[in-house]
Protein chains: 2
Amino acid sequence: MSDLTLYTPSGVLAQSQPLKRAAKRLSTLGFDVTIDESALARHQRFAGDDDERLAALHRVATSAPAVALATRGGYGLTRLLDRIDWALLGRSVEQGTRWVGLSDLTALQLGLLAHTKQISWAGPLACEDFGRSDADGGVDEITRDCFLEAMDGSLEAVGFRTEVGFDGLEARGTLWGGNLAVLCSLLGTPHFPRIKGGILFLEDVNEHPYRIERMLLQLWQAGVLDAQKAVILGQFTGWKKSPLDRGYNFKSCVQALRDRMQVPLLTGLPFGHVPTKVCLPIGAKTELLVEGRDVFVAWGHVGPGGHDHHHHGGHEGHGHGDHDHSHDHGH
Amino acid sequence: MSDLTLYTPSGVLAQSQPLKRAAKRLSTLGFDVTIDESALARHQRFAGDDDERLAALHRVATSAPAVALATRGGYGLTRLLDRIDWALLGRSVEQGTRWVGLSDLTALQLGLLAHTKQISWAGPLACEDFGRSDADGGVDEITRDCFLEAMDGSLEAVGFRTEVGFDGLEARGTLWGGNLAVLCSLLGTPHFPRIKGGILFLEDVNEHPYRIERMLLQLWQAGVLDAQKAVILGQFTGWKKSPLDRGYNFKSCVQALRDRMQVPLLTGLPFGHVPTKVCLPIGAKTELLVEGRDVFVAWGHVGPGGHDHHHHGGHEGHGHGDHDHSHDHGH
């Protein structure tokens with residue numbers, strides 16, 4: 001039975017109920033769940049002050065559970081980046097810890113990649129994805145299954161449907177990315193990984209397309225986008241139209257980037273602030289294949305460092321693409 | 001009589017009335033006003049498509065009026081940065097053009113500084129500051145007077161009240177800055193000026209303090225803040241409290257930065273998305289002096305390049321500090 005620790009590195013948990021539900025559900029799914037002692041700490045909008053959250057992070061790294069799953073994102077890791085013992089976190093990965101999360105966790109994951117080259121997992125957050133009440137939709141089955149496969153090491157690829165025009169595309173490189181605003185907030189700092197020839201995936205929430213465009217253009221102007229083999233956009237949700245848009249929308253933003261970029265910009269990745277999300281190994285060598293409108297992102301087996309695991313075949317190209325068509329945001 | 005051109009480099013003007021009012025008021029103030037032919041152009045959320053806005057910008061630069069005043073900000077200059085003829089804009093400054101504005105104009109002004117070292121003016125926008133109806137408050141007197149003095153070359157300093165704790169502070173360096181989000185969006189790109197030992201001023205609107213903090217921490221982690229002699233915060237307005245803040249506010253954000261920064265972080269500059277705003281020469285050699293709680297930012301005379309103007313004495317330390325105490329945002 002895999003041990004799994006729930007901890008809160010960023011924003012405060014407003015209620016304890018989702019955390020309890022998540023712990024119970026994850027236990028039912030077969031994990032030996034520990035809740036970090038500071039998971040419900042409160043300091044202003046943070047889950048404890050900087051010292052307390054940093055201590056929690058280092059405590060989890062020291063205990064090196066099989067899975068270190070953040071309870072929620074929010075804001076807070078930016079404050080800790082310069083004080084994190086990256087070597088300690090890197091050693092936890094070598095011992096087998098999979099650090100999982102998204103949103104503010106992007107800062108932790110990209111910092112880990114920049115400082116140690118170790119792999120972590122873009123994936124669900126405990127409270128949002130495993131702590132939702134049944135009345136509120138409960139646990140998304142694809143998110144759950146993908147998480148379970150990623151955590152037991154059997155997930156080797158994900159699939160999704162993209163727009164026409166990319167048939168036959170093939171690319172190999174380091175998979176990296178996460179939340180666009182958080183990734184951009186690392187640019188120019190020592191915590192931004194310098195990945196060349198990679199496959200970059202991005203998502204965001206509550207950002208108007210003009211802001212998404214401004215961030216993407218910054219990455220393009222900084223040379224980051226065209227240094228990749230491909231860029232994949234996940235879900236950009238929660239933004240509100242403005243009367244000033246006059247037809248400008250997410251599609252316009254994507255077009256503005258495609259007009260400038262030298263490398264392919266794909267859309268449709270089922271990842272972001274949405275119920276259905278895949279798990280993706282940040283830092284893993286990955287292959288991107290497009291057949292018609294079907295995209296496959298495959299990395300083979302990503303096991304705990306230093307261990308020799310069996311290769312679980314039969315998953316390549318299986319992914320979770322069959323279920324993703326319902327997640328059409330109109331772009 | 002100084003010639004002044006109104007142009008729209010970024011967001012679309014929803015109505016023509018504020019532009020007409022601004023043109024009339026600026027004429028009354030003694031300017032020979034020209035409205036650029038594309039000032040009211042419309043393409044989605046932009047004042048014309050990229051080609052049209054770029055052509056407008058280059059047309060204004062070629063005509064080199066005494067004052068090039070943007071009608072409004074919004075979003076749009078980011079799209080043009082890689083296509084702007086910076087040498088052409090630089091020559092306009094040498095011929096005497098003062099480029100004025102704020103918000104999205106920060107991209108133009110910092111790009112100009114990065115590419116040509118030429119000075120431009122952080123200051124009002126035509127529609128917002130000179131186009132407001134009398135029923136809606138009309139023209140702010142301080143903003144108007146400061147703008148007039150800056151444009152005729154007589155403004156040599158501004159003053160304002162800051163918090164206690166900076167008495168006796170003296171610093172000399174290049175004054176630069178503007179909108180925090182726009183400035184951050186240039187980081188890592190060729191359009192970000194590499195100013196060492198400068199005096200950096202920042203403002204923003206509709207950004208929650210946690211986002212302001214994240215941007216400031218990025219600048220700090222990127223080495224930008226501590227490379228300055230001092231950082232001055234203007235007005236950060238328009239953001240909404242969240243139930244999750246639990247006491248976290250703009251003051252907490254400032255404290256988080258002061259806990260980390262090696263250089264002074266002052267607050268209170270009357271500049272930003274507020275009715276009362278001073279004009280500041282971006283790129284000018286500047287002296288910062290604090291006496292008690294009174295801050296003086298003085299640059300002496302900044303005239304058109306290549307011309308020899310008289311030094312207008314008697315303004316140093318006069319500034320507009322007497323009127324700024326009413327602009328206390330509680331931090």
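Lettering follows sequence order; numbering is per chain, from 1. Heavy atoms only: backbone and side chains are in, while hydrogens, waters and symmetry mates are out.
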Pairs of heavy atoms under 4.5 Å with chain B: top-ranked of A/Gly188, A/Ala222, A/Cys184, A/Ser242: A/Ala222
Test item: side-chain donor near acceptor, A/Asn179 and A/Glu203, under 3.5 Å: yes
Geometric class of the B/Phe46/B/Tyr75 ring pair [parallel <30°, tilted 30-60°, perpendicular >60°]: tilted
Portion of B/Arg42 that has a non-hydrogen atom of chain A nearer than 4.5 angstrom: both
Among A/Val274, A/Val205, A/Leu202, A/Val254, side-chain contact (heavy atoms from CB on, under 4.5 Å) partner for A/Phe236: A/Leu202
Ring centre gap for B/Tyr210 and B/Trp239 strictly below 6.0 Å: no
Among A/Ala181, A/Ser185, A/Ala14, residue most engaged with chain B (heavy-atom pairs, under 4.5 Å): A/Ser185
Option in A/Phe192, A/Tyr248, A/Trp220 with maximal non-hydrogen atom pairs under 4.5 Å from chain B: A/Tyr248
Identified side chain to side chain donor-acceptor pair (under 3.5 Å) partner of A/Thr267 from the options A/Lys251, A/Glu163, A/Gln235: A/Glu163
Interchain contact, B/Arg79 with chain A, by part (heavy-atom threshold 4.5 Å): both
B/Trp99-B/Gln118 side chain donor-acceptor pair, cut-off 3.5 Å: no
Atom group of B/Asp50 that falls short of 4.5 Å from chain A, counting heavy atoms: side chain
Portion of B/Leu219 that has a non-hydrogen atom of chain A nearer than 4.5 angstrom: neither
Distance in Å, A/Arg21 CZ paired with A/Ser133 OG, rounded so as to fall on 0.5 Å steps: 5.0 Å
Structural part of B/His43 lying under 4.5 Å from a heavy atom of chain A: backbone
Contact class of A/Leu217 relative to chain B, heavy atoms under 4.5 angstrom: side chain
Between A/His191, A/Arg260, A/Gln221, the one whose heavy-atom pairs under 4.5 Å with chain B are most numerous: A/Gln221
